[in-house]
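Below: the structure, in structure tokens.
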Amino acid sequence: MSYTVEERGNLHSLNYRLFVKNAEGKYISPFHDIPMYADESQNIFNMVVEVPRWTNAKMEIATKEPLNPVKQDVKKGNVRYVANVFPHKGYIWNYGAIPQTWEDPSHKDEDTGCVGDNDPIDVCEIGTKVCSCGEVIKVKVLGILAMIDEGETDWKVIVINVEDPEAKDFNNISDVRRLKPGYLESTVDWFRMYKVPDGKPENEFTFNGEFKDKDFAIKIIKNTHIFWKDLISQKTDAGELTCKNTCVSPSDSSYFCSADDAKAVVAGTSPLRKEETIPSSVDKWFYFQRK
């Protein structure tokens with residue numbers, strides 16, 4: 001299935017929202033309405049791209065808003081940009097999430113000893129193409145990194161776009177080590193340091209920062225899909241999360257809403273206007289001594 005996006009508000013401002021529509025032109029939730037699997041028999045997953053490679057704007061699925069549009073994260077009342085920590089510029093992969101997954105904040109992970117971070121599971125796509133925000137791509141899972149972010153489990157799944165010209169050569173995390181030497185080490189370094197410019201401590205990792213393989217990663221993804229099923233069926237308390245959806249069967253989710261209700265959600269946001277200028281401070285480079 002193909003998907004399109006509709007922009008609302010001013011890009012790089014507090015009112016910017018990017019809504020996703022399916023092939024029928026129906027507004028959907030990228031959190032709840034896009035299937036986790038693109039091809040279950042081949043273990044091919046869907047990925048919602050939130051942050052294109054090399055960019056700094058911290059775009060993310062708005063899990064607490066109706067229809068969960070993509071928006072820019074907010075820090076101290078301003079839109080948030082991730083700092084450049086030498087030698088990195090912005091995000092070093094296409095970054096996003098696997099739909100219909102959820103890291104349950106009430107569940108203590110047996111591997112990390114920490115509860116989930118209350119978000120869909122995060123994905124780093126390592127292919128050659130720079131994707132666009134809101135794009136939905138089909139990916140092969142290669143491995144996973146267990147990051148601990150301020151005491152919460154925050155899995156980072158390593159994937160490659162199945163349409164990438166190099167995709168046939170990548171089938172497990174060992175292929176990344178062999179064919180893109182240094183990339184995994186840079187990934188750990190990026191995640192370890194990216195919050196340090198904000199005055200926060202370095203992030204930590206389970207398994208001594210080593211990546212687990214494809215099979216382990218798929219097991220974790222499937223677990224987060226089970227947590228999502230409990231969420232969407234109200235077996236788990238949603239808290240502040242918004243589970244409004246237009247495609248999940250009403251028998252499986254009481255959060256189902258009509259197409260007209262979805263249109264009303266979008267109509268209630270600001271129309272598309274001229275994008276805001278990115279502050280020059282976003283280009284600053286930070287240098288830190290690694291421990």
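Annotation: side chain of Tyr183 is in contact with side chain of Ile92 (closest heavy-atom distance under 4.5 Å). Side-chain contact check for Asp117 versus Pro105: every heavy-atom pair is 4.5 Å or farther apart. The side-chain heavy atoms of Leu272 and Arg8, taken from C-beta on, include no pair separated by under 4.5 Å.
A salt bridge does not link Lys129 with Asp164: none of the charged nitrogens is closer than 4.0 Å to a carboxylate oxygen. Note on Lys71 versus Glu50: no salt bridge recorded, every NZ/NE/NH1/NH2 to OD/OE distance being 4.0 Å or above.
Across Asp33 and Thr246, no two heavy atoms sit closer than the pair OD2-N, 3.0 Å. Contact between Arg17 and Pro69 at its shortest, heavy atoms only, is CD-CG, 3.8 Å. The shortest heavy-atom contact between Met193 and Phe288 is CE-CB, 3.6 Å. The heavy-atom pair separating Asn15 from Ser270 by the smallest distance is ND2-OG, 3.8 Å. When every heavy atom of Phe205 is checked against every heavy atom of Val188, the shortest pair comes out as CZ-O, 3.6 Å.
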Donor-acceptor list for residues 137-157 side chains, cut-off 3.5 Å, not counting sequence neighbours:
residue : atom : partner : partner atom : Å
Lys140  : NZ   : Ala167  : O            : 2.7
Lys140  : NZ   : Phe170  : O            : 2.7
Lys140  : NZ   : Asn171  : OD1          : 3.0
Asp149  : OD1  : Lys195  : NZ           : 3.0
Asp149  : OD2  : Lys195  : NZ           : 3.0
Glu150  : OE2  : Lys195  : NZ           : 3.4
Glu150  : OE2  : Lys200  : NZ           : 3.0
Thr153  : OG1  : Thr112  : OG1          : 2.5
Thr153  : OG1  : Cys114  : O            : 2.8
Thr153  : OG1  : Val115  : O            : 3.4
Asp154  : OD1  : Lys156  : NZ           : 3.3
Asp154  : OD2  : Lys156  : NZ           : 3.1
Lys156  : NZ   : Tyr95   : OH           : 2.7
Lys156  : NZ   : Asp122  : OD2          : 2.8

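Between Trp102 and Phe31, the ring centre distance reaches or exceeds 6.0 Å. Less than 6.0 angstrom separates the ring centroid of Tyr37 from the ring centroid of Phe45.
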Q. Side chain to side chain contact (heavy atoms under 4.5 Å, CB included) between Glu6 and Leu18: does it pass, once the steps are laid out?
A. CA-CA 6 Å; Glu6 180 178 322; Leu18 190 153; over 6 Å; no

Q) What do the steps show when you test Cys247 against Asn245 for side chain to side chain contact (heavy atoms under 4.5 Å, CB included), and what is the final call? A) CA-CA 6 Å; Cys247 296; Asn245 64 82; 5.6 Å; no

**Q.** Pair Tyr16-Glu7, side chain to side chain donor-acceptor pair (under 3.5 Å): steps then yes or no
**A.** CA-CA 7 Å; Tyr16 181 77; Glu7 296 178 283; 2.7 Å; yes

Q.
If you apply the rule side chain to side chain contact (heavy atoms under 4.5 Å, CB included), what do you find for Val136 with Met47, and how did you get there?
A. CA-CA 6 Å; Val136 180; Met47 170 187 174; over 6 Å; no

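With sequence neighbours left out, the salt bridge (Lys or Arg N to Asp or Glu O under 4.0 Å) criterion links Glu60 to Lys58. Applying the side-chain contact (heavy atoms from CB on, under 4.5 Å) criterion to Lys75, with sequence neighbours excluded, gives Arg80, Asp198.
Residue Glu65 qualifies as enclosed at atom CD: its count of foreign heavy atoms under 6.0 Å is above 12. Within a 6.0 Å radius of NZ in Lys26, more than 12 heavy atoms belonging to other residues, nucleotides or ligands are found. For NZ of Lys180, the number of neighbouring non-hydrogen atoms (other residues, nucleotides, ligands) closer than 6.0 Å is greater than 12. More than 12 non-hydrogen atoms from other residues, nucleotides or ligands lie less than 6.0 angstrom from CD of Gln234. Other residues, nucleotides and ligands contribute at most 12 non-hydrogen atoms within 6.0 Å of the NZ atom of Lys263.
At least one donor-acceptor pair under 3.5 Å links the side chain of Asn84 to the backbone N or O of Val282. Panel note: side chain Arg53, backbone Gly127; a donor-acceptor pair is recorded below 3.5 Å. No donor-acceptor pair under 3.5 Å is formed between the side chain of Trp285 and the backbone N or O of Ala83.
If you take CG on Asn118 and CG on Asp104, they are separated by 8.0 Å, rounding to the nearest 0.5 Å. Here Asn172 contributes atom CG and Arg177 contributes atom CZ; the two are 8.5 Å apart, rounded to the nearest 0.5 Å.
The stretch residues 207-233 participates, sequence neighbours left out, in these side-chain hydrogen bond (donor to acceptor under 3.5 Å, both in side chains) pairs: His32-Trp228. The ring-ring contact (aromatic ring centres under 6.0 Å, His included) pairs that include a residue from residues 104-138 are His107-Phe227, where partners are two or more places apart or lie in different chains. Among residue pairs with one or both ends in residues 235-244, those qualifying as side-chain hydrogen bond (donor to acceptor under 3.5 Å, both in side chains) are Lys64-Glu240; sequence neighbours excluded.
The aromatic rings of Trp93 and Phe191 lie parallel to each other, their planes meeting at an angle below 30°, with 60° marking the opposite boundary.
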